[in-house]
Amino acid sequence: MKHSSFIGVICLFLMLMVVLSCNQKPKEQPQTTVENAQWWKEAIVYQIYPRSFKDSDGDGVGDLKGIIEKLDYIKSLGVTAVWLNPIYTSPNADNGYDVSDYRDIMEEFGTMDDFDSLLAGMHQRDIKLVMDIVVNHSSDQHEWFKQSRSSRDNPYRDYYHWWPAEKGKPPYRYSLFDAKGDAWQYDSLTNAYYLHYFAKQQPDLNWSNPKVRQEVYDIMKFWANKGVDGFRLDAFQFAAKDTTFPKFPDGFEKDFIQYYAMQDGLHDYLKEMNEEVFSKYDVMSVAEGAGRNFEDAHKLVDQDRNELNMAYAFEGVDIPKYEGYDLATMKEVFTKWDQEFAEDGWLSIFLANHDQARMVSRWGNDSEAFRSASTKLLNTFILSMRGTPYCYYGDELGMTNIDFDSISQYQDIAAINGYQKALSEGEDMDLFMKRLNFGSRDNGRTPMQWDGSTNAGFTSGTPWLPVNPNFTEINVQVEDTDPYSVLNHFRAMTELRKQNPILVYGSYELLMPEHPTVYAYTRTMDDTKLLVLLNFSKESSTVSLDEGWAASPILINNYNDLDIIDNSLKLKPFQAVILNIN
């Protein structure tokens with residue numbers, strides 16, 4: 001046979017084998033079954049602060065149509081759910097967390113038709129929508145409160161907490177947002193005080209009144225019937241109160257959670273809410289805060305409790321301070337919460353939200369040299385831990401704190417009233433302002449940085465908060481086409497999580513707890529084990545690997561290479577690596 005003819009026969013044979021193999025059914029792959037699997041456990045939640053995301057009409061305030069414009073971008077992130085901060089009608093004393101009408105949309109944000117279009121657009125893209133429900137308190141402009149303060153015998157009087165002035169001044173209660181720290185506000189109309197754990201424009205609702213509870217359940221049903229997919233209960237751990245208002249010990253405000261959170265009756269309210277609302281709809285439920293201890297948290301979320309789906313605990317996110325933080329503390333806190341809920345209950349995993357300054361400025365290093373690597377590291381952490389991850393808008397880009405130098409630049413009521421309180425108490429105001437500049441909530445609320453045009457493409461008008469001056473380097477347009485950007489690393493991590501249930505349901509084990517700069521842990525499920533290595537340092541760090549691990553496949557790496565010598569791995573500054581170590 002001639003050489004050319006032989007080659008031709010071989011080619012025909014190979015082509016036939018390809019055809020035959022394509023016609024065969026694929027080999028059945030073993031399927032991993034997870035007990036108690038739920039969509040909300042597998043969700044990747046993207047939190048949007050609507051005032052700051054995208055302005056469609058040039059008034060300087062983000063709105064619903066602006067979010068609709070960016071739905072394809074949100075989809076491109078790989079997230080599967082959006083938590084939307086409050087969009088209800090509000091006088092905006094606390095940027096929407098003072099609601100005056102729970103069944104209408106704030107005019108700045110748009111209309112109910114806009115909301116319906118937004119929800120439909122999300123669902124078309126297989127993105128679920130979680131609404132913020134603010135029912136520890138309402139606005140003082142809500143019709144309930146207007147009626148309540150009008151006279152002592154008004155039917156709405158008991159919708160709020162009142163203390164008649166003829167009984168003297170009520171026992172002291174601390175207010176988180178009040179300029180004097182006093183949670184009782186005198187109202188001359190009926191010669192009485194009303195209670196507000198937050199600003200005086202946010203009177204607390206009286207949850208011991210069954211009419212109030214039914215009003216709230218009806219509101220939640222209104223939104224659930226529209227098709228929303230979940231509810232986040234703002235400040236709800238404070239809703240139950242001893243309405244005799246006994247005197248608290250002096251100095252209780254230094255640990256007010258012990259006296260304010262999870263008081264008698266709260267679990268009854270949540271069981272009732274579950275029966276009335278959650279059990280009737282396929283919705284996820286999460287409350288802000290997880291109580292005073294693990295027992296409180298378990299009572300909120302263990303499956304047999306029939307209360308909430310997941311805990312949203314603050315011990316982790318509260319670790320970074322102006323003075324810095326210790327990695328050992330981070331390891332200890334996140335590990336103990338994971339281990340506590342390894343068998344029952346479910347956690348939220350997050351490093352930032354609308355009540356915090358920017359993630360990379362608190363947890364990482366926002367200098368030009370390290371911002372990108374450290375943001376990628378932090379996103380790797382959030383998206384490789386057990387629990388439902390919550391990712392805050394702009395953190396997929398590496399947005400940083402803004403540098404304010406005057407209290408006049410702040411919009412946040414907590415900052416403004418906190419400044420007045422500090423001033424009246426004779427604090428060191430230079431130090432106060434430095435701390436505020438580091439930790440203020442306004443840092444996390446500056447406009448989303450879309451491109452390098454005026455106002456970062458957020459608005460054609462004057463933005464309600466200034467745009468961070470670094471928007472020309474940190475924005476979606478710049479990062480979208482850069483394969484090594486923070487944005488594209490974030491997309492790679494969400495895809496990795498979705499393709500690997502082990503990152504959702506697998507067990508977690510801390511390694512090298514004493515290592516001063518590296519946070520290392522494994523995620524294990526069935527026969528698969530992944531190793532996560534995170535160098536929380538601007539210096540290189542070396543770790544020793546078990547024999548054979550050095551040749552393990554790399555699932556993700558925020559650098560282009562990995563320095564392995566024998567069984568030692570030298571991690572570059574803020575390097576984050578996930579290896580499959582089977």
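Residue numbers run from 1 in the order of the sequence given. None of the values given here were measured: they were computed from a predicted structure. The basis for the numbers below is simple: all heavy atoms, side chains too, and nothing from hydrogens, waters or symmetry mates.
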Give me the atom names and distance for the closest heavy-atom approach of [X] to [Y].
X      : Y      : result
Val228 : Phe231 : CG2-CZ, 3.8 Å
Ala192 : Arg152 : CB-NH2, 4.4 Å
Ala43  : Ala81  : CB-CB, 4.5 Å
Pro463 : Pro447 : CB-CG, 4.0 Å
Ile257 : Gln237 : CD1-NE2, 4.0 Å
Gly96  : Pro86  : O-CB, 3.3 Å

Does [Y] offer a backbone N or O that forms a donor-acceptor pair with the side chain of [X] under 3.5 Å?
X      : Y      : answer
Trp184 : Pro171 : yes
Asn437 : Phe404 : yes
Glu425 : Ala422 : no
Trp450 : Thr459 : no
Trp223 : Tyr102 : yes
Gln263 : Ala240 : no
Thr190 : Ser151 : no
Ser148 : Trp144 : no
Lys65  : Gly62  : no
Asn309 : Ser285 : yes

Show the numbers, then the answer: is there a salt bridge (charged side-chain N to carboxylate O under 4.0 Å, His left out) between Glu215 and Lys211?
CA-CA 6 Å; Glu215 295 267 21; Lys211 292 180 180 178; over 6 Å; no
Hey, does the Lys NZ or Arg CZ of Lys128 hover above the aromatic six-ring of Trp39, less than 6.0 Å from the centre and inside 45° of the axis?
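Flagged: Lys128 positioned over aromatic ring of Trp39.
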Taking only residues two or more places apart in sequence, or in another chain, which ones meet Thr111 in a side chain to side chain donor-acceptor pair (under 3.5 Å)?
Asp114
Taking only residues two or more places apart in sequence, or in another chain, which ones meet Asn154 in a side chain to side chain donor-acceptor pair (under 3.5 Å)?
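Partners of Asn154 by the side chain to side chain donor-acceptor pair (under 3.5 Å) criterion, ordered by chain and then number, come out as Gln147, Ser150.
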Qualifying side-chain hydrogen bond (donor to acceptor under 3.5 Å, both in side chains) pairs, either residue in residues 388-400, two or more places apart
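As it turns out, the side-chain hydrogen bond (donor to acceptor under 3.5 Å, both in side chains) pairs with a partner in residues 388-400, which skip direct neighbours, are Tyr46-Glu396, Tyr73-Glu396, Trp346-Thr388, Arg358-Asp395, Thr400-Asn468, Thr400-Asn470.
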Under 6.0 Å between ring centres, would you say that holds for Tyr159 and Tyr156?
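Yes, the ring centres sit under 6.0 Å apart.
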Quick check on the 6.0 Å ring-centre criterion: do His137 and Tyr97 meet it?
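They do not qualify: ring centres at least 6.0 Å apart.
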Under 3.5 Å, is there a donor on one side chain and an acceptor on the other for Tyr160 and Asn209?
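There is no such pair (donor and acceptor under 3.5 Å, judged by atom type) between the side chains of Tyr160 and Asn209.
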Does [X], at its [atom1] atom, have more than 12 non-hydrogen atoms belonging to other residues, nucleotides or ligands within less than 6.0 Å?
X      : atom1 : value
Lys180 : NZ    : no
Gln258 : CD    : yes
Tyr410 : OH    : yes
Asp264 : CG    : no

Identify, with sequence neighbours excluded, every residue that meets salt bridge (charged side-chain N to carboxylate O under 4.0 Å, His left out) alongside Arg491.
Asp480
Asp132: partners by salt bridge (charged side-chain N to carboxylate O under 4.0 Å, His left out), with sequence neighbours left out:
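Asp132: salt bridge (charged side-chain N to carboxylate O under 4.0 Å, His left out) contacts with Arg232.
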Passes side chain to side chain donor-acceptor pair (under 3.5 Å), Glu315 versus Trp337? Steps please.
CA-CA 9 Å; Glu315 187 175 5; Trp337 276 92; 2.8 Å; yes
All side chain to side chain contact (heavy atoms under 4.5 Å, CB included) counterparts of [X], not counting sequence neighbours:
X      : result
Pro91  : Asp98, Ser100, Ser139, Gln141
Ala239 : Asn136, Trp207, Phe236, Leu266
Ala37  : Val34, Glu42, Tyr505
Phe438 : Tyr322, Arg362

Can you say whether the rings of [X] and [Y] are parallel (under 30°), tilted (30 to 60°) or perpendicular (over 60°)?
X      : Y      : answer
Tyr260 : Phe252 : tilted
Tyr194 : Phe145 : perpendicular
Tyr312 : Phe314 : perpendicular
Trp83  : His354 : perpendicular

Which is it for Asn95 and Tyr49 under the side chain to side chain donor-acceptor pair (under 3.5 Å) test, yes or no, and what are the steps along the way?
CA-CA 10 Å; Asn95 288 345; Tyr49 197 69; 3.2 Å; yes
Could you list all the salt bridge (charged side-chain N to carboxylate O under 4.0 Å, His left out) pairs where at least one residue sits in [range], not counting sequence neighbours?
range            : answer
residues 43-57   : Arg51-Glu108, Lys54-Glu69
residues 184-197 : Arg149-Asp187
residues 267-278 : Arg213-Glu272, Lys221-Glu276, Lys271-Glu307

Working note: Tyr174 + Asp182, criterion side chain to side chain donor-acceptor pair (under 3.5 Å); need CA distance, chi angles, decisive distance, verdict.
CA-CA 5 Å; Tyr174 171 69; Asp182 189 349; over 6 Å; no
Given Tyr172, Tyr186, Trp163, the one that forms ring-ring contact (aromatic ring centres under 6.0 Å, His included) with Tyr193:
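Result for ring-ring contact (aromatic ring centres under 6.0 Å, His included) with Tyr193: Tyr186.
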Would you call Asp178 and Lys200 a salt bridge, taking side-chain N to carboxylate O under 4.0 Å as the test?
no
Do NZ/NE/NH1/NH2 and the carboxylate oxygens of Lys421 and Glu253 come within less than 4.0 Å?
no
Contact check, side chains of Asn85 and Pro50, non-hydrogen atoms, under 4.5 Å:
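With C-beta onward as the side chain, the pair touches.
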Quick one: does Ser208's side chain get under 4.5 Å of Tyr269's, heavy atoms only?
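SC-SC contact between Ser208 and Tyr269 confirmed.
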Nearest-0.5 Å distance, CZ of residue Arg445 to CD of residue Gln411:
10.5 Å
Testing Thr375, Ile382, Leu383 for side chain to side chain contact (heavy atoms under 4.5 Å, CB included) with Phe490, which one passes?
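Between Phe490 and the candidates, side chain to side chain contact (heavy atoms under 4.5 Å, CB included) is satisfied uniquely by Leu383.
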